[in-house]
Structure formats: C-alpha cells, structure tokens
Protein chains: 2
Amino acid sequence: MDKSTQASLLTLERMENFRITPQRQVILEELSKVNSHPAANEVFDMVRTRLPRIGLGTVYRNLEIMADNGIILKIDVGGTQKRFDAIVEPHYHIRCTECGRVDDMDVPVQKEFETMAAASTDYKVQGHRVEFFGICPDCQKAKHDT
Amino acid sequence: MDKSTQASLLTLERMENFRITPQRQVILEELSKVNSHPAANEVFDMVRTRLPRIGLGTVYRNLEIMADNGIILKIDVGGTQKRFDAIVEPHYHIRCTECGRVDDMDVPVQKEFETMAAASTDYKVQGHRVEFFGICPDCQKAKHDT
DNA sequence: TTTTATTTGATAAAGGATCTCAAGTGAACA
DNA sequence: TGTTCACTTGAGATCCTTTATCAAATAAAA
C-alpha cells in the first residue's frame, strides 16, 4: 500500500482499481460515527437505514477491502465475529466476557514488545495485539441487579 | 472453580458432575502430546486414531468443558478457529499470518499490564492476552522458494 | 456519450461450532 | 456385585459467520 491509498475519515479518495460507490461511502461514514467496534452484521444494520437495498455480502466485501487498504481496522481477536474500527492508529482493546462488547484502551502501545519478540523466535515478526478482557460496566450492573 | 478441579497433565481427576470417560482421557492425552496448539478438528483426527467411533461433537464438547474447568487452555485469538493448549500457565503466542500455525513465545508475561489497564477503564479487568503475528520459518522458506 | 472493467445484490455454499435426543455407561450405593 | 440414575456419547440436524458465484447495474475513463 502506498500513500495514495490513505483516506480521510469521512471522504474516500480515489485509488487504483477502487471505485467510490455510495455503498462504500456510507459504510465508512457509519463506521466512523460510532466507537463501538461493530461486527459486520451490525454495520449492515446501520448502513441499511440509509441504503435499504444494500446486500450483506456487499458490506462484508467492502469492510474486507477497506481493511486491506488500511482505511479501516479489522479487529480479529477473541470472540466469534470479526469487528471493525474506523480508527486505524495502533491501540489496544478490551472485550467484555459477558456480552462481547469491545472498547478502546488507552494503555500505551508497547512497540518494544516486538523487538523483544523478534529476539526469541524464528518467525519474522510483523506486529502484535493486546486484548484485555473483563466485565463491562453494564454487565457488572446487570449481575449486581440479579 | 475450586482446587479439586485441577488435573495433572495426563490423568484426569474426579470432579463434581464430571465423569472420567475414555473419550475425555484420550482427548487430554493427545492434546498433551503435542505443542502445536491444534484446532478442534485436528484434536478430533488425533483422537480418532485411538477411538475410531468418537464423534466430532464429543471432541468440541469436551474441549469446551475442560477449558471451562482450567484443565486445558482455549486460545481464542485471531484466526478462524479456536485452538487448544494443554499448558495452562499464562504465556503468549505467535500466529503465522500465512498458514495459521500457532507457537508459544517465551516473552515474559506482563502482569503489571493489568493493573495499568484497570486504572484506565471502567471494566472489571480479568486478564489479558498478547498475540504476536508474523511469518513462520516454514512459510518464509516457502515464499523464498517461489 | 460510449465503452469497459469494476461493483452490486441475490443466492448458494462453505466452514466452524453448537444443539438435540435416543441410546449407552460411569460410579454411587444398596 | 448388581441396580439405579444422572451424566455422556454419537449421529445428525442446525445455526451462525463468512466467502464464492454470477448476471445485471454502474463509476469513470476516453
């Protein structure tokens, strides 16, 4: 990926072999609105309020393409579904073990982790992810009320 | 879970509401033999050489139960399949982005990560995972040969 | 405009994991 | 050492997420 593939938050820019379609524009806009790290089906629901005829496959297809191009972030940690984030700067996440909700953490990213890792493995290290898990405020409350 | 649910590597111990069946014994034995973090279908294949009539559902069911009881570890980070590990002590993993293979890392577990995390979120923090990703030696070689 | 390669929507299909339930079986206890 | 019964198994159906297929629609270059 070269610099020309960078896109601003709300406006897609023209790239090689990449058309700016209303579907893509709306998917990015809706994803940018929330900070809830929605799964593909949730993005589908959000987008559908504005484009009722859009297909689920189109949403999957474009989330994938945008993630490949660094326009959005695919969060592929625990849980059954992949989630998506319009914020592409590296950061850590926390996932609720009760409801699956995912939030951002502002624990600083440990870049030196990767040098440490590279020294202790034969893999060519490309990156790392940290996922915290715990119980979100809502689920703590729900448990307490039961 | 109380202490009575702890099991040694190769011998299941009796627990409340938990029968020691040949299937469970063999699943644990086979998982203990390897350090390749197999997915459920791979455990199924290994177990099937010894118990040809075992069902895939039984393997899934028991891996899940054993993970819930802390007898084995369910590795639920990136990738499409959940993987399992007979080593339950906390440690980090690295996953090959080409072939999906998972190996152990001996980067020290940063326990203080969790105190740092707890201070910056409203979640009740239960733990954390670190997953490195990169290209395994085999896939590096395969790429080079192409 | 016209052209053309890309994209869409609808649908099928793949793949992983879970559920259901009758039949089977550990293990407590008589 | 049986008998009993709750737990477990195997087989299959089913669910859920994601990907593939393909004719029709459509951005965007010419």
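On a predicted model such as this, the values are computed, not experimentally measured, just so you know. Worth knowing before you read on, the calculation uses all heavy atoms, side chains too, and leaves out hydrogens, waters and symmetry mates. Here is the naming used below: chain letters follow the sequence lines, and residue numbers restart at 1 for every chain.
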Counting side-chain heavy atoms from C-beta on, which of D:dT18, C:dT7, D:dT9 comes nearest to A:R24?
C:dT7
Whole angstroms only, please: what is the CZ-P distance between B:F84 and C:dG16?
13 Å
List for me each residue that meets side chain to side chain contact (heavy atoms under 4.5 Å, CB included) alongside B:Y60, sequence neighbours excluded, and say none if there are none.
B:A40, B:L56
So, is B:T21 close to the D:dT8 phosphate, meaning a side-chain N or O under 4.0 Å from OP1 or OP2?
no
What's the CG-P distance between B:N17 and D:dT8, to the nearest Å?
7 Å
Rounded to whole angstrom units, what separation is found between the CD1 atom of B:I75 and the P atom of C:dG16?
17 Å
Between the side chain of A:D104 and the main-chain N/O of A:H91, is any donor-acceptor distance below 3.5 Å?
no
Side-chain atoms of A:P22 come closest, of D:dA27, D:dG10, D:dC7, to D:dA27
B:Q110: which residues meet the side chain to side chain donor-acceptor pair (under 3.5 Å) condition with it, sequence neighbours left out?
B:E112
Cation over ring face, B:R24 and B:F18, 6.0 Å, 45°:
yes
Look at the side chain of B:S32 and the backbone N and O of B:L28, then say whether any donor-acceptor pair between them is shorter than 3.5 Å.
yes
Let me know, please, whether A:N62 or B:R83 comes out on the 5' side of the other along DNA chain C by nearest nucleotide.
A:N62
Nucleic acid contacts of residues 34-50 of chain B, taken as heavy-atom distances under 4.0 Å to DNA chain C:
none
In whole Å, I'd like the distance from the CZ atom of A:F18 to the P atom of D:dA28.
10 Å
Give the angle between the helix axes at the two ends of the helix from C:dT1-D:dA30 to C:dA30-D:dT1, taking five base pairs at each end and rounding to 10°.
30°
Enumerate the salt bridge (Lys or Arg N to Asp or Glu O under 4.0 Å) contacts for residues 121-130 of chain A, please, sequence neighbours excluded, ordered by first and then second residue.
A:R129-B:E131
Would you say a side-chain N or O of B:T80 is under 4.0 Å from OP1 or OP2 of C:dG16?
no
Residue pairs fulfilling salt bridge (Lys or Arg N to Asp or Glu O under 4.0 Å) with at least one residue in residues 40-55 of chain A, sequence neighbours excluded
A:E29-A:R50, A:E30-A:R50, A:E42-A:R83, A:D45-A:R48
Of all residues at least two apart in sequence or in a different chain, which pass the ring-ring contact (aromatic ring centres under 6.0 Å, His included) check with A:H37?
A:H93
Of all residues at least two apart in sequence or in a different chain, which pass the side chain to side chain donor-acceptor pair (under 3.5 Å) check with B:Q81?
B:N41
Under the salt bridge (charged side-chain N to carboxylate O under 4.0 Å, His left out) test, which residues partner A:D138, sequence neighbours left out?
A:R101
Below 3.5 Å between N/O atoms, which protein atoms pair up with nucleotides 19-26 of chain D? Just atom names and distances, please.
unit_1, atom_1, unit_2, atom_2, d
D:dT26, O2, A:R19, NH1, 3.0

Expressed as a whole number of angstroms, how long is the span from A:L51:CG to C:dT7:P?
17 Å
Partners of A:D85 by salt bridge (charged side-chain N to carboxylate O under 4.0 Å, His left out), sequence neighbours excluded?
none
Between atom CD in B:Q23 and atom P in D:dC7, what is the gap in whole Å?
17 Å
Would you kindly give the CD-to-C1' distance between A:Q81 and C:dG15, to the nearest whole Å?
15 Å
Using side chain to side chain donor-acceptor pair (under 3.5 Å) as the criterion, list what pairs up with B:E64, not counting sequence neighbours.
B:K74
Please report the distance, rounded to the nearest Å, between CG in B:L63 and P in D:dT8.
15 Å
B:I54 has its side chain closest, among C:dT8, D:dG10, C:dG26, to D:dG10
